[in-house]
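So that the names make sense, note that chain A is the first sequence line, chain B the second, and so on, each numbered from 1. Quick caveat: nothing in here was measured; it's all calculated off a predicted structure.
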Amino acid sequence: MASGPVARVLVDSPLPQLDQLLDYRVPARLADAVSAGVRVRVPLRTGGRIADAWVVELAGRSEFRGELSEVQDVVTDVPLLMPDVWRLARAAADRGAGNASDILRLAIPGRYVRAEKAWRADPGEPGALPASGRAIDGYEPGRVERGLAEGERMALHADPRTVRLPSGTWVGAWAVTLAEAAAHVLAHDRSSVIGVPDYRDQEQLQAALGELVDPRRVIRTDARQSGRDRYRAFLDATGEAARIVVGNRSTVYAPAARLGLIAVFDDGDGLQSEPLAPGVHARDAALIRQEQSDAALVFIAQTRSVEVQRLVEVGWVHDVPLRRGTRPRVVLTEQQPAPESGGARIPSAAWREAQEAIAQGPVLVQVARPGHAPMLVCDRCREPARCTACGGALAVPRSGGPASCVLCGTSANGWRCRICEGTRLRAAVVGASRTAEELGRAFPRSRVVVSDGERPLVRVDAEPKLVVATRGAEPIADGGYRSVLLLDGERMLLRESLRVAEDCLRWWSNAAALAAPGAPVFLVGVGGAIGTALATWTQPAWAAEELASRRALRFPPAVRMASVVSSRERLAEGLERIRGIGGVDVLGPAPVDDGLERAVVRFGYAQGAEVAAALKAEAIRAATERRRPVAGRRPGRPPTLRVRMDDPDLP
DNA sequence: AGCACGCCGACT
DNA sequence: GTCGGCGTGCTC
């Protein structure tokens, strides 16, 4: 045991076995510079190498029974890791069976010396607080304000329309709601962090905030910013002044003085799912942070994700409906192309209305993205084929061979359709998406503007034009679209993912919310419950139905699932302990690439912490312990155990 | 990941 | 005798 100033640090390493606090002596020469939250350099393994590390806390003595090494250097004496962000990172990593340092890499941007110098020289004036927040409009008066004051968790229905700000900019009404909520919180000298899917949403939110608060109070952390600007924005957020931090999914981890609101817009959008290890979804990070603080939590979207619906049903999050009953005018139409629409194959009614609408202003046409992977459907009724053992999607393995379940690997031999009892499978033939040229021919005298995943437009003006957008890339239109055509619905629904229907309802709802008041929104070729949900604007009820059916299948989010990838032997060994936990079952393993196999661990929310801890322990074992020598096998590094909790790629 | 430690085969 | 081979284990 050592005494004297000791820094407890987290080494910046992806190795699971290093995901713990290590103690280092603080030499006298660094005593002034080392404080909790600063980045330091420490020797690892008797002078072997130098690693970056975060000082999590300082202590007077160490419990470590050995000689301590010394902190070698301080990268900067500016504390960047705030205590509450550390707690959040630790908990998020634990939930995802991953490393806290991986979370911190998302949470804290790289250092830029010049930006830091400039900030030190002039940290800037944050500007005045708003006198008092404006009433949050559209809901029961005072309802949202009360929730904000009490640190409530709320699921807000977004008002499905666009609104004109006093500055003349048009934004989604959701952006005004979030701006009003953040301004309300700021008026009480507290901060907000708001995560939105992409920069086009940020633009809207920033415009809405610009009407209500001093722009210096708004901090934007944007993937398109230069590293220098991002670091400067981060430094501003570490200050004592209450701010509104706006950005993408990792904004949930932003430092914020006296946090009063955590908000997530459109949590069902795939961009809110973190692809980097340990893959903690922004929604889950927000839930963790809210629980660790006394801040309020707001989920707001045009639709209801099945995950948030579950939270509402268990009473953890409170449903806050709109008071005003505005909703898009949705028309369900059969797929019977008008001959005049030529190659564009647009139904007559929709085509006629769109022809008239386009004289008045912009008309939106939503199409699918080109090139989806084909999936297996029932040859007789075209219902997507699901595994008879576990309900997972069936597919033909990339390596060839007979169709099998992508989840549990069960062969599709003896498959029988659950709808029509058919026994033959076929690959669904998905028609090509309509092109801008085809659509242009259907509207010969109109300008055509394209917005797609590669070059998405933020907005279009109110002039007449045909706006062809792939789903999710629809620009906002000044004054709203005079008509909206949702064309590729049938095709969009043909994807071998558990979430297709939910995604489609979200894409359609988001597009419908861009329509001008009273403008028709045509959903072409899709009926059934999902069409009705759009037409009656009852997405939460649809999400409740969807959740019920996933409960019957024991699929997320009714339960949780983790994927575990390793060699067959390693999986057998590693999952032995996991199986012992009550309420846990294991699907598979099924082969994936490189001769590795993937098992799926299924468990309840109550077992989440235990399963995550057990899987993390197995990952450490796999990373540190050599496999017992097997006769006839070359020695070498055996495969590690890759764990992904709540893997979004699981169908 | 790296890197040091350590216990068996061919060597000046 | 001992140099170094790679298997093994640890990182305050």
Side-chain angles (χ1 to χ4, degrees), chain A residues 1-31 33-75 79 81 83 86-87 89-90 93-94 96-106 110 276-279 564-567 569-570 573-574 594 596 613 615-644:
Chain A
M1 294 207 204
S3 64
V6 168
R8 313 204 68 207
V9 312
L10 180 86
V11 175
D12 192 355
S13 160
L15 299 175
Q17 59 270 43
L18 285 183
D19 188 26
Q20 52 172 317
L21 298 186
L22 304 183
D23 292 356
Y24 287 84
R25 273 202 327 271
V26 181
R29 69 187 164 88
L30 296 178
V34 173
S35 65
V38 305
R39 198 164 172 78
V40 293
R41 316 252 306 146
V42 295
L44 209 50
R45 185 76 195 166
T46 49
R49 75 182 221 265
I50 304 295
D52 278 357
W54 293 106
V55 176
V56 169
E57 58 192 12
L58 292 176
R61 60 200 295 277
S62 170
E63 300 295 312
F64 182 65
R65 304 148 63 86
E67 177 123 8
L68 297 189
S69 294
E70 275 188 359
V71 174
Q72 182 180 296
D73 212 349
V74 177
V75 176
L81 174 57
W86 162 249
R87 274 197 309 158
R90 182 66 273 162
D94 289 345
N99 277 12
S101 68
D102 286 334
I103 301 281
L104 293 180
R105 213 162 300 130
L106 300 173
L276 295 176
V564 189
V565 175
S566 192
S567 67
E569 306 88 72
R570 177 83 75 195
E573 203 180 316
D594 311 327
L596 297 177
L615 287 173
K616 174 84 175 293
E618 291 305 324
I620 292 175
R621 271 162 50 87
T624 54
E625 197 182 65
R626 293 303 110 101
R627 192 204 282 135
R628 289 184 292 276
V630 178
R633 195 182 276 269
R634 258 181 300 119
R637 196 165 285 279
T640 54
L641 199 77
R642 292 205 309 271
V643 177
R644 174 119 201 219

Nearest-angstrom distance from the residue atom [atom1] of [X] to [atom2] of [N]:
X      : N      : atom1 : atom2 : value
A/I50  : C/dC12 : CD1   : P     : 10 Å
A/I620 : C/dC10 : CD1   : P     : 13 Å
A/D52  : B/dG2  : CG    : P     : 14 Å
A/R621 : C/dT8  : CZ    : C1'   : 16 Å
A/R25  : C/dC12 : CZ    : C1'   : 11 Å
A/E63  : C/dC12 : CD    : P     : 17 Å
A/L15  : C/dC12 : CG    : C1'   : 15 Å
A/L18  : C/dT11 : CG    : P     : 10 Å

TODO: Hey, could you give me the CG/CG distance between A/D19 and A/D102, rounded to the nearest 0.5 Å?
DONE: 8.0 Å
- [ ] Please identify each residue that fulfils side-chain hydrogen bond (donor to acceptor under 3.5 Å, both in side chains) with A/R642, with sequence neighbours left out.
- [x] none
Open item on the list: Going by side-chain hydrogen bond (donor to acceptor under 3.5 Å, both in side chains), name the residues that satisfy it together with A/Q20, two or more places apart in sequence or in a different chain.
Closed with: none
Task: Salt-bridge contact A/R61-A/E63 (side-chain N to carboxylate O under 4.0 Å) - done: yes
TODO: May I ask you to say what A/E67 touches in the nucleic acid, namely base, sugar-phosphate or nothing, with a heavy-atom cut-off under 4.0 Å?
DONE: sugar-phosphate
